[in-house]
Amino acid sequence: MSFESFLPERQPPMNPDNMVVNMRKEYDFSNAKKNPYASMLKKQITLRLDQQSIDYFKSVSAEVGIPYQSLINLYLRECAASNRKLNMQWE
């Protein structure tokens with residue numbers, strides 16, 4: 001028994017033009033409505049963090065199995081929800 005016998009049978013590549021035509025016949029989006037939750041989706045920004053903070057969140061993310069950017073977002077969301085403020089005092 002050869003290794004090739006375990007592989008699925010190769011099929012010719014799909015023609016993108018046929019896919020579009022088939023999709024148009026199968027789905028009708030003429031009465032579609034805009035996503036009401038679109039404004040609640042995440043927004044990409046640039047945020048400058050020091051390496052020590054990034055390393056901390058990466059190590060925690062490895063322990064809990066959550067991507068570090070999601071972990072940072074969860075932490076910031078918790079701070080915002082609890083109205084947590086920094087206590088900054090300059091000398």
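We're numbering straight along the sequence, starting at 1.
Under the 4.5 Å side-chain heavy-atom criterion for ILVMFWY residues, no single connected hydrophobic cluster contains both L41 and I72. Linking Ile, Leu, Val, Met, Phe, Trp and Tyr residues whenever their side-chain heavy atoms come within less than 4.5 Å leaves L86 and L76 in two separate clusters.
F57 and Y68 make their closest contact through O-CB, 3.8 Å (heavy atoms, listed as atom of the first residue, atom of the second, distance). In this structure, I66 and S61 approach most closely via the heavy-atom pair O-CB, 2.7 Å.
Applying the side chain to side chain donor-acceptor pair (under 3.5 Å) criterion to S59, with sequence neighbours excluded, gives no partner residue.
In Y56, the OH atom is not crowded: 12 or fewer heavy atoms of neighbouring residues, nucleotides or ligands sit closer than 6.0 Å.
The distance from atom NZ of K58 to atom CD of Q69, rounded to the nearest 0.5 Å, is 8.5 Å.
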